[in-house]
Amino acid sequence: MLFPKKKENENERLLELESYSILDTLPEKEYDEITFLASQICGTPISLISLIDDKRQWFKSNYGLEVRETARELAFCAHAINDQENIFIVPDSRIDERFSDNPLVTNNPFVVFYAGIPLVSPKGHALGTLCVIDNEPRHLDASQINALKILANQLMRLLELRLSIMDLQKSEEHLKRLNATKDKLFSIIGHDLREPIGTLKPLLDFLLKSSDLSDTENVKKVLRMIQKSSTSAYNLMENILAWARSQLDEISYSPEEIKLSGLIKTTIDLFKESLQSKNISISIQIPNDTLLYADRNMLMTVFRNLISNAIKFTPEGKSIEIISIEMDNHHQIEIKDQGIGMDADRISKLFDKTEYTSTYGTNGEKGNGIGLLLCKDFIERNGGTLNVESEIDKGSAFIFSIPKKKD
C-alpha cells in the first residue's frame with residue numbers, strides 16, 4: 001500500500017480548511033442532495049463529500065456509507081487532493097499496487113472503483129473531494145465526469161456561501177456589541193461622569209468668589225472636595241476607556257510572572273487616604289512567595305476596582321480581607337468586605353452589559369457597574385473566573401482565580 005504524500009503547503013491548506021468551520025458539523029440537506037445526485041449520475045452505490053484534515057478524512061455527507069470518517073493514511077481522497085487539476089480515478093483497486101492491500105479494499109466497505117474530484121478553494125488549496133465509489137470495477141464516460149466536475153464546483157460555491165454567511169453573522173454580532181458598548185457608555189457618561197465633573201465648577205466658583213481666601217481651613221475643605229470629585233471623574237474615565245477598548249479587542253494580552261504580594265501592596269498604596277478617612281483596616285493573608293502568571297496591567301485594574309469597591313461599601317471602622325489560596329493549577333483570590341452587602345437580584349445584574357447599575361457607598365461615594373464588567377472581562381482574558389458571594393448587611397466577597405506561574 002502506498003501512503004498519500006503531503007504537500008509543502010500542507011499547513012496553509014489545513015488552516016484554510018479550519019477557517020470554513022465545517023468539520024464535525026451535523027448533516028445538512030444541501031450537501032446530502034449533492035452526494036445523492038453524484039451517485040445517481042455515476043450509477044455507484046456510494047458517494048461522499050470528504051474533507052481531509054491532519055489525521056483523517058471526515059465526511060460532510062456520506063450517501064451509501066454509515067461511517068463518518070476514516071484514517072487519512074487509508075484515504076483514496078488523500079491521494080486525490082495531490083492532483084488539483086484532474087479527476088483521480090482508480091478503475092480497479094484490487095490490481096493497483098497503491099491500494100490492493102488497503103484495509104478499505106480488503107475489508108468493508110470493499111472499495112474497488114473510486115473517482116474523486118478535488119474541492120479547490122479560491123486560494124488554490126484542495127480541501128477534500130467529491131467522490132463516488134463502487135464495489136466492482138467501473139469506468140465513467142465523459143458526460144459523467146463532466147457532471148461530477150459541475151457538482152464539485154457547485155459544492156465549492158456552497159462552502160464559500162457558508163463562509164460568507166459566517167462572516168456576515170460575525171459582523172452582525174460585532175455591530176450588536178458595538179451598539180451595546182455605545183449604549184452603556186452613554187448611560188454612564190450621562191449619569192455618573194456628569195456628576196463629578198459638574199461638581200467641579202460650582203466648587204471652583206465658590207473658592208474664587210470667596211471674600212476671605214485667608215481662611216486656610218475653609219480653602220482646604222473646598223480643595224479636598226475638588227480633589228475627591230476630580231479623582232472620581234478620572235478613575236471613572238480610566239474604566240470607561242479601558243472597557244471600551246476591551247470590547248473592541250484593542251487591548252493586547254501580555255502575561256508575565258507576577259509576585260502577588262507586591263502587586264497588592266502597590267494597589268493598596270493608592271487608597272491610603274480613603275482607608276484612613278474611613279478608619280478601615282485591611283488584613284492581607286497572602287504567602288510572600290505566591291507567583292501568578294497574568295497580564296500585569298489587567299490584574300492591576302482588577303485589584304484597583306475590587307479594592308476600591310470594598311472600601312466604598314464598607315462602613316467606618318470595619319475591615320477588609322484579601323486572601324489567597326493555592327489550588328492545583330491556579331490561585332484563588334478573595335477580596336472580602338464587611339459592607340452593606342447585596343441581595344440575589346442585585347448580584348444577578350452585576351455583570352449584565354444591558355443593565356445600568358449605579359450605587360452610592362457608605363459615605364456617599366458614587367459607584368457604577370463598569371468597573372465590575374471590566375474586572376470580569378480582564379479575569380477571563382487571563383484564564384480565570386469571577387464569582388460573587390454576598391449577604392445584606394453582612395458584606396460581600398469577590399472571588400476570582402488566576403493561573404499559577406508556568407514551570
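For this chain, numbers begin at 1 and follow the sequence in order.
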Exercise for the section: Look at atom CD of Glu389 and say whether more than 12 heavy atoms of other residues, nucleotides or ligands are closer to it than 6.0 Å. Expected result: no
Completion exercise
Smallest heavy-atom separation, Leu74 atom then Pro103 atom, equals CD2-CD, 3.7 Å
Practice task
Flag the pair Tyr63 / Ile49 as yes when at least one side-chain heavy-atom distance between them is below 4.5 Å, and no otherwise.
Solution key: no
Problem - Asp269 and Lys265, any side-chain heavy atoms less than 4.5 Å apart - result: yes
Handout entry: Residue pair Leu373 / Leu350: nearest heavy atoms and the distance that separates them
Key = CD2-O, 4.1 Å
Practice task
With the side chain counted from C-beta on, respond yes when Ile133 and Leu65 share a heavy-atom pair under 4.5 Å apart, and no when they do not.
Solution key: no
Fill in the blank from the handout: Residues Ile117 and Ala152: closest non-hydrogen pair is CG2-CB, 3.4 Å
Handout entry: Heavy-atom check, side chain of Tyr20 versus side chain of Leu51, under 4.5 Å
Key = no
Problem - salt bridge (Lys or Arg N to Asp or Glu O under 4.0 Å) partners of Asp92, counting only residues at least two apart - result: Arg94
Handout entry: With sequence neighbours excluded, residues passing salt bridge (Lys or Arg N to Asp or Glu O under 4.0 Å) with Arg98
Key = Asp96
Practice task
Only counting residues at least two apart or in another chain, list the ones meeting side chain to side chain donor-acceptor pair (under 3.5 Å) with Ser143.
Solution key: Asp141
Practice task
Using modelled atom types only, decide if a donor and an acceptor are shared between the side chain of Lys278 and the backbone of Lys312 within a distance under 3.5 Å.
Solution key: yes
Completion exercise
Residues Leu159 and Ile22: closest non-hydrogen pair is CD2-CD1, 3.3 Å
Handout entry: With Lys7 via side chain to side chain contact (heavy atoms under 4.5 Å, CB included) - residues at least two apart
Key = Asn9, Asn82, Gln84
Problem - CD (Gln285) with more than 12 external heavy atoms under 6.0 Å - result: yes
Practice task
Would you check if the side chain of Asn62 reaches a backbone N or O of Val67 as a donor-acceptor pair within less than 3.5 Å?
Solution key: yes
Practice task
May I ask you to check whether Phe303 and Phe400 place their ring centres under 6.0 Å from each other?
Solution key: yes
Problem - Heavy-atom pair with the smallest gap, counting every atom of Thr129 and Ala80 - result: CG2-CB, 3.8 Å
Problem - Distance, nearest 0.5 Å, that separates CG of Asp377 from CG of Asn382 - result: 10.0 Å
Practice task
State which residues pass side chain to side chain donor-acceptor pair (under 3.5 Å) with Ser93; sequence neighbours excluded, sorted by chain then number.
Solution key: none
Handout entry: Qualifying residues under side chain to side chain donor-acceptor pair (under 3.5 Å), relative to Asn135, sequence neighbours excluded
Key = none
Completion exercise
By salt bridge (Lys or Arg N to Asp or Glu O under 4.0 Å), Glu28 pairs with (sequence neighbours left out) Lys60, Arg162
Exercise for the section: May I ask you to decide if the ring planes of Phe88 and Tyr114 are parallel, tilted or perpendicular, using 30° and 60° as cut-offs? Expected result: perpendicular
Problem - Side chains of Leu161 and Ile165 in contact at under 4.5 Å (non-hydrogen atoms) - result: yes
Problem - Check: Ile41 main-chain N/O paired with Gln144 side-chain donor or acceptor under 3.5 Å - result: yes
Handout entry: Heavy-atom pair with the smallest gap, counting every atom of Val132 and Ala38
Key = CG1-O, 3.8 Å
Practice task
Compare all side-chain heavy atoms of Ile379 with those of Met298 and state whether any distance is below 4.5 angstrom.
Solution key: no
Problem - Sequence neighbours excluded, every pair satisfying salt bridge (Lys or Arg N to Asp or Glu O under 4.0 Å) that has a member inside residues 149-161 - result: none
Problem - Expected output: side-chain Gln338 to main-chain Ser319 donor-acceptor under 3.5 Å - result: yes
Handout entry: CG-CZ distance between Leu104 and Phe99, expressed to the nearest 0.5 angstrom
Key = 10.0 Å
Problem - Chi angles and distances behind the side-chain contact (heavy atoms from CB on, under 4.5 Å) call for Ile286, His331 - result: CA-CA 10 Å; Ile286 297 174; His331 290 281; over 6 Å; no
Handout entry: Value rounded to 0.5 Å, distance of CD1 in Ile258 from CG in Leu299
Key = 5.0 Å
Using a 3.5 Å cut-off and no angle test, enumerate the donor-acceptor pairs between side-chain atoms of residues 121-128 and protein atoms at least two apart in sequence or in another chain.
residue : atom : partner : partner atom : Å
Ser121  : OG   : Glu16   : OE1          : 3.0
Ser121  : OG   : Glu16   : OE2          : 3.0
Ser121  : OG   : Lys123  : N            : 3.3
Ser121  : OG   : Gly124  : N            : 3.4
Ser121  : OG   : His125  : N            : 3.2
Ser121  : OG   : His125  : O            : 3.4

Practice task
Apply salt bridge (Lys or Arg N to Asp or Glu O under 4.0 Å) to Asp54 and list each qualifying residue two or more places apart in sequence or on a separate chain.
Solution key: Lys6
Problem - side-chain hydrogen bond (donor to acceptor under 3.5 Å, both in side chains) contacts touching residues 35-53 (sequence neighbours left out) - result: Thr35-Ser61, Ser50-Gln57, Asp53-Arg56
Problem - salt bridge (Lys or Arg N to Asp or Glu O under 4.0 Å): pairs with one or both residues in residues 320-334, sequence neighbours excluded - result: Glu326-Lys404
Exercise for the section: Side-chain contact test, heavy atoms from C-beta onward, threshold under 4.5 Å: evaluate it for Leu140 versus Phe113 and give yes or no. Expected result: yes
Completion exercise
SG (Cys131) and CG (Leu119) are apart, to the nearest 0.5 Å, by 9.5 Å
Problem - Inter-residue atom distance Phe271.CZ - Arg304.CZ, 0.5 Å rounding - result: 7.0 Å
Problem - Over 12 foreign heavy atoms within 6.0 Å of CD, Glu30 - result: yes
Practice task
Could you check Val105 against Phe76 for side-chain contact (heavy atoms from CB on, under 4.5 Å), going step by step and ending with a plain yes or no?
Solution key: CA-CA 10 Å; Val105 175; Phe76 284 58; 3.7 Å; yes
Problem - Sidechain-backbone polar pair: Ser390 side chain, Met342 backbone, donor-acceptor under 3.5 Å - result: yes
Handout entry: Side chain Asp337, main chain Ile320, donor-acceptor under 3.5 Å
Key = no
Practice task
To the nearest 0.5 angstrom, please state how far the CD1 atom of Ile81 sits from the CD1 atom of Ile52.
Solution key: 5.5 Å
Practice task
Evaluate the criterion side-chain contact (heavy atoms from CB on, under 4.5 Å) for residue pair Ile323 and Lys336; output intermediate values, then yes/no.
Solution key: CA-CA 8 Å; Ile323 304 166; Lys336 185 177 181 180; 5.5 Å; no
Problem - Flag side-chain contact, heavy atom, 4.5 Å: Met156 against Val120 - result: no
